[in-house]
Each structure stands twice: as C-alpha cells, then as structure tokens.
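For clarity, every value in this text was computed on a predicted model and none was experimentally measured. Read the numbers this way: they start at 1 and go in the same order the structure lists the ligands and their atoms.
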Amino acid sequence: MNKKWWMLGASAVLSVGLLAGCGTNEEDTTTSEDPVDTGDTEEAVEDKGVLIMGTSADYPPYESIDLTTQEIVGFDVDIAQYITDELGYELQIEDMDFNGLIPAMESGRVDFVLAGMTPTEERKQNVDFSDVYYEATNLIVSKEDQNYTTLQDLEGLKVGVQLGSIQEAEAEDLAEEYGFEVVKLNRIPEIMQELIAGRIDAILMEDTVAKGHLEAQQDLVSFAVPSEGELGSAIAFPKESELVEPFNEKLNELIESGQMDELILKWFDAEE
Ligand code: ARG
C-alpha cells in the first residue's frame, strides 16, 4: 500500500526547497496577484497560509484513517497534498459525515471538499466543482449464500446506502421499480456492519470502495448496477470560489505528468 511514498516525499522536499528560495533572489516572481502558478517549477511558491479540506474518512482508498498513525490517508489526500503544496498552501483536513460536507463548506468551516464526491446537477446548485479526476460505477454487495444476482432478487429486502450520497438517490429510484427498502446510514463501515450482522440484505456502493471490502470479507459478492446519473469524483468548492481555476490547473498537471497514474496504481491497484 505504501509503495509510492517516495512521490509524496519528493514533492514535500521540492516545496520546501522552493520556499527556502523565496525572498533570496527571486522576489519578482511572487509579486503578481495572480494565484495561478505558470507551471514553471523553478518559480518560487508564495506561502499563502492554510486551506482546510473537508472529507469523510470512511471511504478507502479515497480516504480513511490509518490505524497506526491515526492520520487521514488516501488517494484524495495525496491529490490535495500535491495541489496545495504546488500552490503554496498548508493543508489541514477535517473529518466529518459525508452528509455534512456541503453544509460545512457553505458555512465556511472548510475551504474545499475532497471526498470522492460526484459532481451532480443538484449539488452544482450549491457548490462549484473541479474537473472529474476519477470515474467509478455502482455495485450491489451482498452475502454470497443469499445468491442475489439481479435487482429483481432484492424485492422486499433492505438495501443500505450512505446518507447524502448519489447511491442514496439512485437506490431511491431503483426501490420504486424493484420494491426494496432503502436504509440510510452515515458511515460506510457502519453499513458494512449491518450487512454482516444480517440487519440489511445488500449495499449499493461504489465499485472502487467495495473492492477492499470484498477482498477482506470472502463471503461477500457483488453485481454491477448500470447507472443513469452522473458518476465519478471531483473536488468541490464554495460557489464562485477563486480556488477552482488554480486547482484545475494543478489537477491537469498531475494528470499530464503521469503522476496521477502513479497515484491510481498506488491506491486502486495495490495488491495489499
Ligand atoms: N461518489 C458518491 C457521492 O458523491 C459517494 C461519495 C462518498 N464519499 C465518502 N467519502 N464517503 O455521493
């Protein structure tokens, strides 16, 4: 899992080096008001203070709490670290329930949200989104011995989803057609627990996040659910935030330099 730590180390060293260079011989390069880095890696990065990222750390490999260090780690954290380092901000992370993330941003408690959040039309009424940085699909996860293989099999049963997620909205739609009951809970481990204890019959969740649980729980199986709505993840900002543009630029840099592929390999394809 920790194979690619050299990358983070390298970027941390790089930004320290750049900060150290600041004020010695390159005063001119940081006088511009424009927060957007031109992409010239030799340019000094101005120290712009702290940005607070909101997340819901129940969603490995996007974000979860490392049990040995108690730190929040994951794909989203690495992306946020790269972008904030590059733009000259210090990153702070606040963990909360997924359902509370947009309200926290609206009240100014957090500056942006990285939480595997899908840029839906509904959310776009209240927040701005970056470009999509990762795609995913939905699965139904259930116990193997129940032999559920289609949505029809779920009639009259209880299907768990994360409160406030696109899976909740999707399940509500499917429930009308297939006649199951939607059970909404705050945290993914809690929903898993309900399934294992037999208090719910299935979970509608993202394939990328289900993967780890399916590997850890050998008696669980899944089948794909074709989705009609939006999928994928993007960074969310308060409406009209000036961060959208510089974040998008750095996101694109991450993709074009091939570093995003490294992160995808590190977090989504790691064997252990
Ligand atoms: N992609 C889904 C959504 O935007 C689920 C994201 C859940 N994220 C989390 N950190 N629990 O609704």
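- Partners of Ser222 according to the side-chain contact (heavy atoms from CB on, under 4.5 Å) rule, which considers only residues two or more places apart in sequence or in another chain, are Leu139, Val141, Leu214.
- The shortest N/O to N/O separation between Ser56 and ligand 1 falls below 3.5 Å.
- Between Phe237 and Phe247, the two ring planes are perpendicular [angle over 60°; tilted spans 30° to 60°].
- Heavy atoms of Phe98 come nearer than 4.0 angstrom to ligand 1 in at least one pair.
- For ligand 1, the polar-atom distance check against Tyr59 finds no nitrogen or oxygen pair separated by under 3.5 Å.
- Every atom of ligand 1 with a heavy atom of Thr118 under 4.0 Å away is listed here by number and element: 1 (N), 2 (C), 3 (C), 4 (O).
- Taking every non-hydrogen atom of Gln167 and a distance limit under 4.0 Å, the qualifying atoms of ligand 1 come out as 2 (C), 5 (C).
- Near Asp58, the atoms of ligand 1 lying under 4.0 angstrom from a non-hydrogen atom of the residue are 9 (C), 10 (N), 11 (N).
- Counting the atoms of ligand 1 from 1 in the order shown, those under 4.0 Å from a heavy atom of Ala115 are 6 (C), 7 (C), 8 (N), 9 (C), 10 (N).
- At under 3.5 Å, a nitrogen or oxygen of Gly116, whether backbone or side chain, sits near a nitrogen or oxygen of ligand 1.
- Leu231 and Val127 are not part of a single hydrophobic cluster, where members link through side-chain heavy atoms under 4.5 Å apart.
- Ring centroid separation for the pair Tyr134 and Phe268 comes in under the 6.0 Å cut-off.
- A donor-acceptor pair is defined here as one N or O able to donate and one able to accept, closer than 3.5 Å; such a pair exists between the side chain of Asp153 and the backbone of Thr150.
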